[in-house]
Amino acid sequence: MAGTRTTNLQTAAKQPPPIQPPQRSTVVQGAVQMRIKSSQSSGDRLSQSKSMVLQESDVPQKPISRHRRNQSQHNVLVAGGGADVFETLVELKGEHMNMAKISESGKKQRKNWTLMWSVLTSDQLLFYKERQETSQKPASKTDVVQLCGAVIEWTTEKSSRKNVFQITTNRGSEYLLQADNYSTASKWYDTIRKTIDSSTKADGGFSLRRSNSTECLPRHSSLPGYRSASPNAKQRNPVHRRSINMFSSSKLKHSTSDSADKNGVKNRLKKFITRRPSMKTLQEKGLIKDRVFGCHLSTLCEREGTTVPRFVQICLDAVDKRGLEVDGIYRVSGNLATIQKLRFIIDQEEDLDLDHSQWEDIHVVTGALKMFFRELPEPLFPFKFFQPFVEVIKIKESKHKVHAVKKLIQELPKPNQETMKLLFSHLHRVLAFSRKNLMSTQGIGIVFGPTLMWPELDAGNMAVNMVYQNQIVEFILIESRQIFNLDGK
């Protein structure tokens, strides 16, 4: 018996010590959990665990987490190269994190921060709306981030929040994660970065492609944020700064097809601008109509084939017909909205009947007539004649003054002469009914002085100019018979 025991002890000493397999192992590819029952004899245990023994040449040279909990509860079985390999990965249990999805496959989305229950696996980052227990099936997850081939980096430009880092998947989708506590954010950043590195190496170095393109981008080892451990770390290498811009949302969406579309739109716009018809062509085709208000007097008369604008003629006729005895004619203002309506009809060259009931207020007609003269690009008394008329009105002798004014008016363009003659002859008739309409020469001069003439540049004293304006109109009104030869009519 003693010899037998000695022989058994020697035999057991030569054999390798038995390896106790973990009570719970996870197979990554099939996600199958198996439990190996312990055998009664050391020989059985050896036969069951012999295929799982790690050879020194097969052990991957990767850093092993020193966290005891991770080593005891999160052992992962990876199958590769015909041998089953145990690999310990650093994984995080679920935790609440703020998440915002800002891009999907290169297409920018509206940033909306949401508090999500985040769970990190060996190759995915899962987001749940509610907290998930380990026993529950992941059926209510709202988003799954594939970490194989992804890129992670700290960012301070995508959000005003602190402790924000960005994950860009290999398909161009972008996620922002944030935690109020820096230690929590840093822990998730480091763990996700290690998971991305290990899952990418396990997949044979998955290449990152540009969105909507077959062009492969450089791996994240060339990115400045890959080795960065703090969101406040500064990028010193300008080449790295340019490479990081490749993964920003503003760059991912500018694909080759998008640039071609934009260039096409620009070319079409250039062709349209160069080929667009001129204003004269549009006017000849009737697409754009010339307006009456704001049009130069000579241009308007030339277009209408007259020496006096038709609108001035019909307004004066309407006032002669039913406004000479109205109290405060030309001095009382009409309803501005109705005046603008009348102006719109005239500008659209529609038929205008001032005898219609909507124009029964004669002050609307006189208001529109005064607006027409005020909006002329050059007043009825042209700019270059303003100062000569001022000098003439200073003449003391009446006969010389009348002769000088008459001579200046004869030098005016034909439309200005004829329109001025028609207007002052009308105002002379208004003055004849001064007892009923209570309009004196001074009152008419005050109304029409700044309406019919003004200097091109208000360099002088405005009050002095206004005095001269009123005096000139008042003098021409008083001497209108001699100046315009109304008696020889």
Exercise for the section: Give a yes or no on whether the backbone of R161 and the side-chain of S159 come within a donor-acceptor separation of less than 3.5 Å. Expected result: yes
Exercise for the section: Answer yes or no for K370 and Y330: cation-pi contact, defined as NZ/CZ to six-membered ring centre under 6.0 Å and angle to ring axis within 45°. Expected result: no
Practice task
Using modelled atom types only, decide if a donor and an acceptor are shared between the side chain of Q417 and the backbone of L412 within a distance under 3.5 Å.
Solution key: yes
Exercise for the section: State whether the side chain of S173 and the backbone N or O of S105 hold a donor-acceptor pair below 3.5 Å, judged by distance alone. Expected result: yes
Problem - Shortest non-hydrogen contact between S122 and T195, atoms and distance - result: O-CG2, 3.1 Å
Fill in the blank from the handout: Output for pair (H296 NE2, E378 CD), nearest 0.5 Å, gives 4.5 Å
Fill in the blank from the handout: Per side chain to side chain contact (heavy atoms under 4.5 Å, CB included), N163 is matched among Y189, W188, Y182 by Y182
Practice task
Carefully, step by step, assess N416 and E418 under the rule side chain to side chain donor-acceptor pair (under 3.5 Å).
Solution key: CA-CA 6 Å; N416 297 68; E418 296 298 327; over 6 Å; no
Practice task
State, with a plain yes or no, whether a side-chain heavy atom of P309 is found less than 4.5 Å away from one of L300.
Solution key: yes
Practice task
Ignoring hydrogens and angles, state whether a donor on the side chain of Q166 or T168 is under 3.5 Å from an acceptor on the partner side chain.
Solution key: yes
Practice task
For D197 and R193, run salt bridge (charged side-chain N to carboxylate O under 4.0 Å, His left out): C-alpha distance rounded to whole Å, both residues' side-chain angles, the deciding distance at 0.1 Å, then the answer.
Solution key: CA-CA 6 Å; D197 188 34; R193 182 173 60 82; over 6 Å; no
Problem - For K406, side chain to side chain contact (heavy atoms under 4.5 Å, CB included) partners two or more places apart - result: Q410, I483, N485
Exercise for the section: Say whether Q358 and K341, considering side chains only, have a donor N or O and an acceptor N or O under 3.5 Å apart. Expected result: yes
Practice task
Compare all side-chain heavy atoms of V430 with those of L324 and state whether any distance is below 4.5 angstrom.
Solution key: yes
Practice task
Ignoring hydrogens and angles, tell me if any N or O in the side chain of T451 forms a donor-acceptor pair with the backbone of V447 under 3.5 Å.
Solution key: yes
Practice task
Tell me, with the steps shown, if E153 and K158 meet salt bridge (charged side-chain N to carboxylate O under 4.0 Å, His left out).
Solution key: CA-CA 12 Å; E153 56 179 330; K158 301 296 181 66; over 6 Å; no
Practice task
Would you check if the side chain of S199 reaches a backbone N or O of I196 as a donor-acceptor pair within less than 3.5 Å?
Solution key: yes
Handout entry: Over all atoms of both residues, closest heavy-atom pair of Y175 and T169
Key = CE1-CG2, 4.1 Å
Practice task
Assess whether atom CZ of F344 is packed by more than 12 heavy atoms of other residues, nucleotides or ligands within 6.0 Å.
Solution key: no
Exercise for the section: Check for a donor-acceptor pair, side chain of K401 on one end and backbone N or O of I395 on the other, with a separation under 3.5 Å. Expected result: yes
Problem - R310 side chain to E304 backbone, donor-acceptor under 3.5 Å - result: yes
Practice task
Go through the steps to decide whether Q313 and D317 satisfy the test side chain to side chain donor-acceptor pair (under 3.5 Å), and finish with yes or no.
Solution key: CA-CA 6 Å; Q313 184 69 60; D317 292 342; 3.2 Å; yes
Problem - Check: F484 and I476 side chains under 4.5 Å, non-hydrogen atoms - result: yes
Practice task
Kindly state each residue pair satisfying salt bridge (Lys or Arg N to Asp or Glu O under 4.0 Å) with at least one member in residues 430-455, sequence neighbours excluded.
Solution key: E325-K436
Exercise for the section: Check whether any side-chain heavy atom of W113 sits under 4.5 Å from a side-chain heavy atom of V164, and report yes or no. Expected result: yes
Problem - F386 ring center near Y468 ring center (under 6.0 Å) - result: no
Handout entry: Ring center gap for Y128 and H96 short of 6.0 angstrom
Key = no
Handout entry: N437 side chain to F433 backbone, donor-acceptor under 3.5 Å
Key = yes
Practice task
Verify the neighbour count for atom NE2 of H428: are there more than 12 heavy atoms of other residues, nucleotides or ligands below 6.0 Å?
Solution key: yes
Exercise for the section: Flag yes if more than 12 heavy atoms outside K270 fall under 6.0 Å of its NZ atom; otherwise flag no. Expected result: no
Problem - Over all atoms of both residues, closest heavy-atom pair of L354 and R322 - result: O-NH2, 2.7 Å
Practice task
Please find out if less than 6.0 Å separates the ring center of W117 from that of F127.
Solution key: no
Problem - Donor-acceptor contact present, side-chain S480 to main-chain L477, <3.5 Å - result: yes
Exercise for the section: Inspect the surroundings of NE2 in H400 and state if more than 12 heavy atoms from other residues, nucleotides or ligands are less than 6.0 Å away. Expected result: no
